[in-house]
Number of protein chains: 2
Amino acid sequence: MIESIDRRETSFHKLQTELGKVIANTPPGERLPSEPRLSKQLGVSRATLREAMRAFEGQGIIRRKQGVGTFVISHTHVIESGLEVLESIETISKRLDLPVSMGEKTITFISADDELALMFDMPVRTPLVKVERVINVEDRPVAFLIDIVVNDILLPVDLQKGFTGSVLDFLIRRGNPTLSHSVAEIQAVAASSDIARYLEIQRGDPLIQLSAKLYSDEGRMIDASSSYFLPGVFRFQVVRRVGSL
Amino acid sequence: MIESIDRRETSFHKLQTELGKVIANTPPGERLPSEPRLSKQLGVSRATLREAMRAFEGQGIIRRKQGVGTFVISHTHVIESGLEVLESIETISKRLDLPVSMGEKTITFISADDELALMFDMPVRTPLVKVERVINVEDRPVAFLIDIVVNDILLPVDLQKGFTGSVLDFLIRRGNPTLSHSVAEIQAVAASSDIARYLEIQRGDPLIQLSAKLYSDEGRMIDASSSYFLPGVFRFQVVRRVGSL
DNA sequence: CCATTTGATATTGTCTGACAATTGACAAGG
DNA sequence: CCTTGTCAATTGTCAGACAATATCAAATGG
């Protein structure tokens, strides 16, 4: 039944969140508690704890030295994210225990013009929903996000129930349609006057722009988003492999 | 002796490499051998194997399902033009048949200051080689690249023989040391006056900056690079998979 | 005959306890 | 002052066991 939608808040996820808090509350360069102590503190075995730590290590957040201890590398207040996995800012922030809040949120109902119709592969005038929002870190705007979603995916009734603002989180939580992947293009742009006003910066200041298209497992395009990030606050990482893999 | 610098990294790195081969040789969507079988096959315990797998899972390459097995996520050929594969600009341009030429090239011999020493995990004053170059497309500068390499990797004698300017291509062609992967961070920056002059743009114009660290298969950092690209000319794409934990 | 339940089986998730390898600190001795 | 040895703390790895979960086939009941 629809019962099994939300097994994502499992124990391991919880563990990662808890561990993230511990790391976030440890000053950069400082040592974490030893693994036996941490495992007892978090209520898991050392083996399980080590798996969780490995994930953080892979993102370059902590570094382990045999015979010495585990150290925190990057400082808080920098949203660090591997680009390979698609996660909402809320999810990343929660894991890293960052003080993130949502600022201005605007929802408008539009209909597809030629460009959008082509992009979504749907007829012109197809009803769409446009979600614009500002992300704050400690009451300072750091990102401006625009999502355009097909109307039948994000119904008006959905917008009232469990919609926090993150289209991605909402779709993941609902589980229908099943999401597959997203293709994103990264650019550097100069802030337009509109966006500069939202982010309280100067027009012409450099921004990171992420233009992404989100696809369902059936290959249907569900969401087109354009996101603008303040450099310095966000660090986008990607692992590049040589040759065959 | 200096011999045993990295034995702890090598063993786990080796395991990751071996595991990566197994994953690469498994068709997308197919199941990997079970953990007990794999651990026996790779000669490590199940706990250690699971830590290695967790790293791959964090990068969205595999997905584990309790009671079912571990599956390889489709790493199709879409990513070939994306950021996930580490290629030199020369290689990419050649494939796309772009009229690329190299402009100004500067090679200087420097010694590690505190920051570089920490970055390379080597003593201060370690001799390093710095390679700076400009990339032109149709006689217009579009990228400015800085590479900093350990001295014993890129010997002065190498610089005369087969060195076109691309450190990456040179190391790939030589095959020693074997390259593993690179971790790159993407940022948007405003052009400094130096770089603006190189690229013939205005100071403050937005640029894409790629800061990358290149690692050998033994886990040793070989090259630190900082690259600046003109937006519009270069399009950086990345495929993001839905985070499923 | 078909739908449902049940059980067997395979796989991942987690735990426990132990030992090995490495590091840093300190004392002993030259 | 420098070297050497010892010791404790920490991470790295291992083996084995049990729990939780999904899959599939057989048994069951209508």
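Chain letters run A, B, ... following the sequence lines, proteins first, then strands; residues in each count from 1.
Distances from the side chain of B:Val68 to the nucleotides D:dT10, D:dT23, D:dG12 place D:dT23 closest. Set against C:dT22, C:dG13, D:dT10, the side chain of A:Ser34 has D:dT10 as its closest nucleotide.
Side chain of A:Thr48 to main chain of A:Val44: no donor-acceptor pair is present (N/O by atom type, distance under 3.5 Å, no hydrogens or angles).
Of the residues in residues 44-55 of chain A, those placing a heavy atom less than 4.0 Å from an atom of DNA chain D are A:Arg46, A:Arg50, in numerical order.
Side chains of A:Ile135 and A:Leu145 form a contact here, defined as non-hydrogen atoms less than 4.5 Å apart.
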* Begin from the C-alpha positions of B:Gln209 and B:Ser226 and carry the test side chain to side chain contact (heavy atoms under 4.5 Å, CB included) through to its verdict. => CA-CA 7 Å; B:Gln209 180 192 26; B:Ser226 205; 3.1 Å; yes

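At whole-Å resolution of the value, NZ in A:Lys40 and P in C:dC15 are 14 Å apart. Following rounding to the nearest Å, A:Leu38 (CG) and D:dT10 (P) show an atom-to-atom distance of 11 Å. Residue B:Arg64 contributes atom CZ, which lies 15 Å from atom C1' of D:dT21 at whole-angstrom precision. With rounding to whole Å, A:Arg31 atom CZ is found 12 Å from C:dG24 atom P. Distance, A:Glu35 CD to C:dC15 C1': 15 Å, rounded to whole Å. The separation between A:Ile62 atom CD1 and D:dT10 atom P is 16 Å, rounded to whole Å. Between the CD atom of B:Gln16 and the P atom of D:dG12 there is a distance of 13 Å, rounded to whole Å. Atom CG of B:Leu42 is separated from atom C1' of D:dC14 by 15 Å (rounded to the nearest Å).
Taking 4.0 Å as the cut-off between side-chain N and carboxylate O, B:Arg54 and B:Glu51 do not count as a salt-bridged pair. Using a 4.0 Å cut-off between charged side-chain N and carboxylate O, A:Arg63 and A:Glu57 make no salt bridge. Taking 4.0 Å as the cut-off between side-chain N and carboxylate O, B:Arg50 and B:Glu35 count as a salt-bridged pair.
Within the 6.0 Å centre-distance limit, the rings of A:Phe229 and A:Phe236 are counted as a close aromatic pair.
OP1 or OP2 of C:dT11 lies within a sub-4.0 Å distance of a side-chain N or O belonging to B:Arg37.
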